[in-house]
Amino acid sequence: MNPNRKDWSLRLNDALWAYQTTYKTSLGMSPYRLVYGKPYHLPAELEHKAYWAIKAFNSNLDDVSQLRKLQINKLEEIRNDAYENSRIQKARIKEFLDKKILKKTFNVSQKVLLYNSQLHLFPEKLRSR
């Protein structure tokens, strides 16, 4: 990126492509695979895939419809796996962060700060986001 930062819009497509094709730990796969049900192939590999696709389209329609149903079911399984991986990742993060919470015990006659929401003494703190 140039120091003047005026050409950021030219790099947006590259950044989006990099984000969509990069493996995400929380999903257990890349966003591209989550949407399309298959990993991203570089353009050098696409020529062979295009030849295979043309060959596959010349087959029987019943076989193609069965194949499409299987592909849709596989995509649903991939999305369920991503949901499960996301749930597991969130549980791990929650467990890690819960370990950092300090337990506080208060004793009788100990002084504590009482927050009165009607007074608005601390407008920048204790506000829900």
Side-chain angles (χ1 to χ4, degrees):
M1 181 124 1
N2 287 341
N4 60 12
R5 300 181 189 179
K6 290 185 179 179
D7 65 341
W8 67 268
S9 61
L10 300 175
R11 307 273 186 228
L12 199 55
N13 286 337
D14 295 335
L16 185 61
W17 173 81
Y19 177 80
Q20 290 175 344
T21 57
T22 304
Y23 180 86
K24 304 291 182 228
T25 305
S26 61
L27 296 176
M29 63 189 69
S30 69
Y32 186 92
R33 182 166 185 236
L34 182 63
V35 172
Y36 297 108
K38 57 185 177 181
Y40 180 77
H41 294 287
L42 295 174
E45 300 170 345
L46 289 179
E47 184 177 345
H48 175 70
K49 295 287 183 180
Y51 174 73
W52 179 84
I54 290 170
K55 187 176 176 182
F57 283 135
N58 291 332
S59 65
N60 191 348
L61 286 179
D62 292 333
D63 294 341
V64 172
S65 66
Q66 287 294 333
L67 179 64
R68 186 63 181 154
K69 288 177 187 175
L70 288 174
Q71 287 174 342
I72 291 172
N73 288 336
K74 185 178 177 184
L75 185 60
E76 190 64 30
E77 288 176 12
I78 288 172
R79 289 181 179 158
N80 288 338
D81 288 344
Y83 176 77
E84 186 66 21
N85 288 337
S86 177
R87 190 184 62 76
I88 291 169
Q89 182 71 11
K90 286 180 184 178
R92 283 185 194 155
I93 291 171
K94 182 183 182 329
E95 182 180 338
F96 174 74
L97 294 176
D98 285 348
K99 287 180 183 178
K100 294 186 176 260
I101 295 176
L102 301 174
K103 302 289 183 188
K104 293 186 178 184
T105 56
F106 298 105
N107 300 323
V108 177
S109 74
Q110 184 177 359
K111 293 185 178 184
V112 295
L113 178 63
L114 177 63
Y115 178 70
N116 188 346
S117 62
Q118 295 174 348
L119 295 177
H120 300 291
L121 295 174
F122 310 106
E124 70 279 351
K125 294 187 179 184
L126 303 174
R127 184 179 299 168
S128 61
R129 296 180 183 184

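This chain uses plain numbering: 1 for the first residue, then up along the sequence.
R79 is not listed as a side-chain neighbour of Y83, based on a closest heavy-atom distance of 4.5 Å or more.
Residues meeting the side chain to side chain contact (heavy atoms under 4.5 Å, CB included) test with E77, sequence neighbours left out: none. Shown here are the salt bridge (charged side-chain N to carboxylate O under 4.0 Å, His left out) partners of E76, two or more places apart in sequence or in another chain: there are none. With sequence neighbours excluded, the residues satisfying side-chain hydrogen bond (donor to acceptor under 3.5 Å, both in side chains) with D98 are K94. Residues satisfying the side chain to side chain contact (heavy atoms under 4.5 Å, CB included) test with I78, not counting sequence neighbours, are M29, R33, K74. For R92, the side chain to side chain contact (heavy atoms under 4.5 Å, CB included) partners are I88, Q89, not counting sequence neighbours. Remark: Q110 engages F106, N107 in a side chain to side chain contact (heavy atoms under 4.5 Å, CB included) (not counting sequence neighbours).
A82 approaches L34 most closely through the heavy-atom pair CB-CD1, 3.4 Å. Summarising the geometry of L75 relative to V35, their closest heavy-atom pair is CD1-O, 3.8 Å, with the distance given to 0.1 Å.
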